[in-house]
Amino acid sequence: MKYFEIKSDLPGDDRLYGILQYDETLDQYLVELPDDLEYWEAPLLLDSAIEKGSRTVGPYVSYLWIKERIIPEDRQNIGYILKDAGLDYYDEFKLLNLSDGRCAQDDFYLKPIPVKYMPMDISGRLEKRIEDFVLLPNMRLLVFFYNGKVKLCDLNEFDERYDWIKYLSINENYYYSIRSLIAGYGVGWDDSRQISCEELFQIGKELPLSYDDFKTFVNQRIMSTSDVCDALECSRQNVNDLIKRDKLHPVKEMDNSKLFLRAEIERRL
């Protein structure tokens, strides 16, 4: 993860206007605004979060802000520009770094910072971010938050807020295409269909369960193909034959192995 301060070039202005985060793996951006930043002080586009009562600018709007600060890919002389910059191809993040995020439309620029220098008011928000989640059938999402809370969220509760929620219930493949967003900000299906961690935390029903409990279950009650062979004292061919005859039911199939629930194996002992 890369972190940048959003600063101003104006003389005598040394205040912080935000923190930009960039996840290289997800290729996503996220902007955090300071608690004391007024709506009229925030960079254009990013001020929309304050207007909505939040200090976190989602990946989609953060990306739009970034796009305004770099040369567009369809620029007529883009090939020469990339060559002068020493780039073999169009890379938004590298172009952003080369210009320090400067833009002719305002006085803001980006300054890299180590994560240990993250302001307290911003780093404290991570407690309600999503550490992990499990998408369940029937529009349910089990969410593990960094603060230790575990909540069961009914996605149908967003029906009035987001008109696209109904689409999830009628398209199973799309429903299960859910993915994590940068820095645990939330979950999403595409750039325009996302739900933040704050929204999920608000509507979720807390469960007397922890993330460690869940990991303990996986560690104790999930078996690999090799484990099953040892327990049943048989070969992989025998295991595969039991599966073909609908006598064993793997919960996950991979290229070189399968995973099984220990309870089902124990019933065969």
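- For the atom pair Ile203 CD1 and Arg161 CZ, the distance stands at 8.0 Å (nearest 0.5 Å).
- At least one side-chain heavy atom of Leu46 sits less than 4.5 Å from a side-chain heavy atom of Ile6.
- Taking hydrophobic clusters as Ile, Leu, Val, Met, Phe, Trp and Tyr residues chained together by side-chain heavy-atom distances below 4.5 Å, Ile130 does not share a cluster with Ile122.
- Checking Asp23 against Tyr29 by side-chain atom types alone, no donor-acceptor pair falls below 3.5 Å.
- Hydrophobic clustering of Ile, Leu, Val, Met, Phe, Trp and Tyr side chains at less than 4.5 Å, counting indirect connections, unites Ile66 with Leu98.
- At least one donor-acceptor pair under 3.5 Å links the side chain of Ser62 to the backbone N or O of Val31.
- Ile113 has its side chain within reach of Ile19: a pair of non-hydrogen atoms, C-beta onward, lies under 4.5 Å apart.
- In this structure the side chain of Asp84 never reaches within 4.5 angstrom of the side chain of Ile81, judged on heavy atoms.
- Leu95 and Leu87 get closest at one heavy-atom pair: CD2-CD1, 3.7 Å.
- Cation-pi contact between Arg102 and Tyr109: present, with separation from the ring centre below 6.0 Å and deviation from the ring axis of at most 45°.
- Following chains of ILVMFWY side-chain contacts shorter than 4.5 Å, one cannot reach Tyr22 starting from Ile182, and the two form parts of different hydrophobic clusters.
- Checked by atom type and distance alone, the side chain of Glu264 pairs as donor or acceptor with a backbone atom of His249 at under 3.5 Å.
- Under the 3.5 Å distance criterion, with hydrogens and angles disregarded, a donor-acceptor pair is assigned to the side chains of Ser226 and Arg236.
- The 12-atom threshold is not exceeded at CG of Asp14, counting heavy atoms of other residues, nucleotides or ligands nearer than 6.0 Å.
- Checking Asp213 against Thr216 by side-chain atom types alone, no donor-acceptor pair falls below 3.5 Å.
- A cation-pi arrangement is absent between Lys7 and Phe108, since the terminal nitrogen or guanidinium carbon is not both under 6.0 Å from the aromatic centre and inside a 45° cone about the axis.
- Using a 3.5 Å distance cut-off with no hydrogens or angles, the side chains of Ser210 and Asp212 do not pair a donor with an acceptor.
- Under 4.0 Å is where a charged nitrogen must lie from a carboxylate oxygen, and between Lys151 and Glu206 no such pair does.
- Distance CG/Asn147 to CD/Glu131: 10.0 Å, rounded to 0.5 Å.
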_Could you go through Tyr174 and Arg193, starting from their C-alpha distance and side-chain angles, then the distance that decides it, and tell me whether this counts as side-chain contact (heavy atoms from CB on, under 4.5 Å)?_
CA-CA 11 Å; Tyr174 186 70; Arg193 293 168 175 169; 3.1 Å; yes
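- Counted by atom type alone, Ser235 and Gln237 present one or more donor-acceptor pairs between their side chains at under 3.5 Å.
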*Take Asn256 and Thr225 through the side-chain contact (heavy atoms from CB on, under 4.5 Å) test and state the conclusion after the steps.*
CA-CA 9 Å; Asn256 299 318; Thr225 302; over 6 Å; no
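- Counting heavy atoms from C-beta outward, Ser180 and Val187 have side chains that stay 4.5 Å or more apart.
- Side-chain contact of Glu92 with Tyr63: a donor-acceptor pair under 3.5 Å is present, judged by distance alone.
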*Applying side-chain contact (heavy atoms from CB on, under 4.5 Å), run through Lys2 and Glu24 and close with a yes or a no.*
CA-CA 8 Å; Lys2 306 291 185 182; Glu24 296 171 286; 3.4 Å; yes
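- The heavy-atom pair separating Leu232 from Leu248 by the smallest distance is CD1-CD1, 4.5 Å.
- Considering every non-hydrogen atom in both Asp35 and Asp121, the closest pair reads N-OD2, 2.9 Å.
- Between Leu141 and Val134, the closest side-chain pair of non-hydrogen atoms is not below 4.5 Å.
- Rounding to the nearest 0.5 Å gives a distance of 4.5 Å between CD of Gln194 and CG of Leu181.
- No side-chain heavy atom of Asp154 sits under 4.5 Å from any side-chain heavy atom of Lys205.
- The number of heavy atoms from other shown groups lying within 6.0 Å of NZ (Lys215) is above 12.
- Using a 4.5 Å cut-off on side-chain heavy atoms (C-beta onward), Asp100 and Phe4 make no contact.
- Minimum interatomic distance between Phe145 and Lys128 (heavy atoms only, all atoms of both residues): CD2-O, 3.3 Å.
- Looking at heavy atoms from C-beta onward, Leu20 lies out of side-chain contact with Tyr3 at the 4.5 angstrom threshold.
- A donor-acceptor contact closer than 3.5 angstrom links the side chains of Ser196 and Glu199.
- Taken to the nearest 0.5 Å, the OH atom of Tyr17 stands 9.0 Å off from the CG atom of Asp107.
- Across Cys153 and Val143, no two heavy atoms sit closer than the pair SG-CG2, 3.9 Å.
- Taking NZ from Lys94 and CG from Leu82, the interatomic distance works out to 11.0 Å, rounded to the nearest 0.5 Å.
- Linking ILVMFWY side-chain heavy atoms closer than 4.5 Å, directly or via other members, places Leu45 and Ile50 in a single hydrophobic cluster.
- No side-chain donor-acceptor contact under 3.5 Å links Ser54 to the backbone of Ala49.
- Taking the six-membered ring where the residue is Trp, Phe158 and Tyr162 present tilted rings, their angle falling between 30° and 60°.
- For the pair Arg262 and Phe260, the NZ or CZ position fails the cation-pi test of under 6.0 Å to the six-membered ring centre and within 45 degrees of the ring normal.
- For Arg179 and Asp27, the salt-bridge test fails: no basic side-chain N is under 4.0 Å from an acidic carboxylate O.
- Between the side chain of Tyr167 and the main chain of Tyr175, no donor-acceptor pair closer than 3.5 Å is present.
- Between Arg69 and Asp106 there is a salt bridge, since at least one side-chain N of the basic residue sits less than 4.0 Å from a carboxylate O of the acidic one.
- Both Met1 and Tyr185 sit in one connected hydrophobic cluster of ILVMFWY residues. Membership requires side-chain heavy atoms under 4.5 Å apart, directly or through other members.
- Between Lys67 and Glu73 no salt bridge is recorded (no basic side-chain N to carboxylate O distance below 4.0 Å).
- Counting heavy-atom neighbours within 6.0 Å of Met254 CE, excluding the residue itself, gives a total above 12.
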*List the steps, then state whether side-chain contact (heavy atoms from CB on, under 4.5 Å) holds for Leu259 with Met223.*
CA-CA 6 Å; Leu259 298 179; Met223 301 178 69; over 6 Å; no
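- At distances below 3.5 Å, not a single donor-acceptor pair connects side-chain atoms of Gln220 with backbone N or O atoms of Phe217.
- Between Phe214 and Phe144, the ring planes are tilted. Angles from 30° to 60° get that label.
- In this structure, CG on Leu155 lies 7.0 Å from CG on Leu135, to the nearest 0.5 angstrom.
- Under a 3.5 Å cut-off, the side chain of Arg55 and the backbone N or O of Pro34 do form a donor-acceptor pair.
- The minimum heavy-atom distance linking Cys197 with Gly184 is given by the pair CB-O, 3.7 Å.
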